[in-house]
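Scroll down for the structure; my scribbles are underneath it.
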Amino acid sequence: MTVESTAARKTTRRSSGTKRTTSASAKKAQASENTEPELVQLLTPEGERVQHPEYDIDLSADELRGLYRDMVLTRRFDSEATALQRQGELGLWASLLGQEAAQIGSGRALRDDDYVFPTYREHGVAWCRGVDPTNLLGMFRGVNNGGWDPSSNNFHLYTIVLGSQTLHATGYAMGIAKDGADSAVLAYFGDGASSQGDVNESFVFSAVYNAPVVFFCQNNQWAISEPIEKQTRVPLYQRARGFGFPGVRVDGNDVLACLAVTREALERARRGEGPTLIEAFTYRMAAHTTSDDPTRYRRDAEREAWEAKDPIQRLKAYLENEGHADAAFFEELEAESEALGKHVREVVRAMPVPEHMAMFDHTYADGHALVDEERAQFAAYQASFEGGEAE
């Protein structure tokens, strides 16, 4: 089902000499219709299956249950990580709460020989690529520099610098095209990163060189505390048109639509038809990271409206309505979810405590006066905690 703006579907007709007045409420309703996102949707928030003329997908009951399991376990892992950070076990955590469908749907569209360039929130995609979740936590605990070999899973290390991974993805895609491979590259970034120069430069290069790359933008409505309406004058997916390749907006809370759209974009890239921009229209239910307080910049009513579009609940409703899953399935999954949470807690708490002064090592090969000064200041700060109290 494609939701088009009123302007795209209708033209206003007025007979000559006729005046019309519009109430303030009608104008507000019309403005709301005119800004309604055009998106691809295959599963409504109520769990009703709908068709789309360009994107459709036929999945077995086992495959549907698999997508549901992926989302449930990813959310359980994410909530455990948030709790561990609050307990002082992790230095920071970037939650994916609310974005499970965008990540699992796109992640399951990949082939083994495709390559992924993530940001720092793609825990669901990492799950799909077989990366041990505890390796992600080791990085946020500060005891490893990623913890996995990118070449073993075709899943690059997390990238904290906004947007830089899109250039890496474009260069990699150009390389595999020259090698004659028929695989594709999937690059993730957020709505805030779309304003970075690196992202726009990657669009230029990928279009000119017809690189087999799919850009997957998770538009979760907020770039930390900056809302999407203060970031762009047009829907993000429409930017692709200016660079010469197609863009599509998909319901980011619909795992079926995300799977179908991403699968088609990846196949298009493999056929040598160049890049695609996918804008997954979704919502960040939690804070930007655990150092953020979203109550300072957004209202509870906004979150509540998006809770009604929860990606997990809509697929659960569909599974139940179609008889694809019974109570035993959900009970077994709940037990598996709890076991995963326990495993994550045990592994993280068994990890070593990071060496505080290690962050200053290997910054410069020959040392640096400023780093030496900062090291001394931090050492003095740490020493102030001796005896159990800080000065």
Side-chain angles (χ1 to χ4, degrees), residues 81-82 84-96 115-123 125-126 129 131-172 175 187-190 192-202 223-225 287-293 347-391:
T82 299
L84 287 166
Q85 194 283 329
R86 297 306 190 198
Q87 295 162 11
E89 300 290 350
L90 304 178
L92 188 72
W93 184 248
S95 174
L96 61 65
Y115 202 98
V116 179
F117 287 84
T119 62
Y120 49 81
R121 200 188 300 275
E122 276 67 58
H123 319 314
V125 186
R129 300 305 278 177
V131 175
D132 186 338
T134 59
N135 279 337
L136 304 178
L137 301 183
M139 183 186 70
F140 283 95
R141 187 176 172 89
V143 296
N144 65 43
N145 294 319
W148 65 90
D149 178 5
S151 62
S152 64
N153 304 81
N154 278 10
F155 185 80
H156 202 64
L157 298 177
Y158 274 6
T159 306
I160 304 300
V161 178
L162 294 182
S164 64
Q165 72 279 1
T166 59
L167 284 174
H168 306 157
T170 299
Y172 188 93
Y188 290 88
F189 60 98
S194 70
S195 299
Q196 293 292 115
D198 287 3
V199 174
N200 292 272
E201 290 164 10
S202 68
I224 307 183
S225 59
H288 174 69
T289 68
T290 47
S291 65
D292 171 43
D293 179 8
V347 171
V348 170
R349 289 172 176 168
M351 290 179 180
V353 176
E355 171 55 50
H356 292 147
M357 305 306 295
M359 71 176 80
F360 299 100
D361 297 339
H362 313 300
T363 305
Y364 288 93
D366 300 322
H368 192 279
L370 180 58
V371 174
D372 293 341
E373 180 182 351
E374 291 173 341
R375 181 191 290 108
Q377 291 176 348
F378 189 67
Y381 173 73
Q382 291 295 321
S384 71
F385 286 90
E386 293 179 359
E389 295 183 2
E391 296 180 1

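Predicted model only: the values in this text are computed from it and were never measured. Both backbone and side-chain heavy atoms feed into the values below; hydrogens, waters and symmetry mates do not.
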**Study point:** Distance in Å, Glu201 CD paired with Thr170 OG1, rounded so as to fall on 0.5 Å steps
**Key:** 10.0 Å
Exercise for review: For residues Ala287 and Asp292, report the shortest heavy-atom separation together with the two atoms involved.
Suggested key: CB-O, 3.5 Å
Review point. Are the side chain of Arg129 and the backbone N or O of Val116 linked by a donor-acceptor pair below 3.5 Å?
Key: no
Review point. Quick one: do the Arg121 and His288 side chains pair a donor with an acceptor below 3.5 Å?
Key: yes
Check your understanding: So, for Phe117 and Tyr172, is the gap between ring centers shorter than 6.0 Å?
Key -> yes
Review point. For the side chain of Asp132 and the backbone of Thr134, is there at least one donor-acceptor N/O pair under 3.5 Å apart?
Key: yes
Review point. So Tyr115 and His156, would you call those rings parallel, tilted or perpendicular, with 30° and 60° as cut-offs?
Key: tilted
Check your understanding: Which atoms form the tightest heavy-atom contact between Pro354 and Arg141, and what is the distance?
Key -> CG-O, 2.9 Å
Exercise for review: Output the distance between atom NE2 (His168) and atom CG (Asp198), rounded to the nearest 0.5 Å.
Suggested key: 7.5 Å
Review point. Val143 and Met351: which non-hydrogen atoms are nearest, and at how many Å?
Key: CG2-SD, 4.0 Å
Check your understanding: CD/Gln165 to CG/Leu157 distance, rounded to the nearest 0.5 angstrom?
Key -> 12.0 Å
Exercise for review: Give a yes-or-no answer on whether the side chains of Gln87 and Arg349 include a donor-acceptor pair shorter than 3.5 Å.
Suggested key: yes
Point to revise | Phe378 and Phe360 aromatic ring geometry - parallel, tilted or perpendicular at 30°/60° bounds | key: tilted
Point to revise | Phe155 and Pro150, any side-chain heavy atoms less than 4.5 Å apart | key: no
Point to revise | Nearest atoms (heavy-atom pairs only) where Asn135 meets Asn144 | key: O-ND2, 3.6 Å
Check your understanding: Are any of the side-chain heavy atoms of Trp93 and Thr289 separated by less than 4.5 Å?
Key -> no
Practice item. Measure the spacing between CZ of Phe189 and OG1 of Thr119 and express it to the nearest 0.5 Å. Key: 10.5 Å
Practice item. Check whether any side-chain heavy atom of Met139 lies under 4.5 Å from a side-chain heavy atom of Asn145, and answer yes or no. Key: no
Check your understanding: Can you tell me how far CG of Leu162 sits from OG of Ser194, rounded to the nearest 0.5 angstrom?
Key -> 10.5 Å
Review point. When the ring planes of Tyr381 and Phe385 are compared, do they come out parallel, tilted or perpendicular, using 30° and 60° as the limits?
Key: perpendicular
Practice item. Verify the neighbour count for atom NE2 of His368: are there more than 12 heavy atoms of other residues, nucleotides or ligands below 6.0 Å? Key: yes
**Study point:** Aromatic ring pairing Tyr158/Trp148, orientation class (parallel under 30°, perpendicular over 60°, tilted between)
**Key:** perpendicular
Exercise for review: Hey, could you give me the OG/CD distance between Ser202 and Gln196, rounded to the nearest 0.5 Å?
Suggested key: 11.0 Å
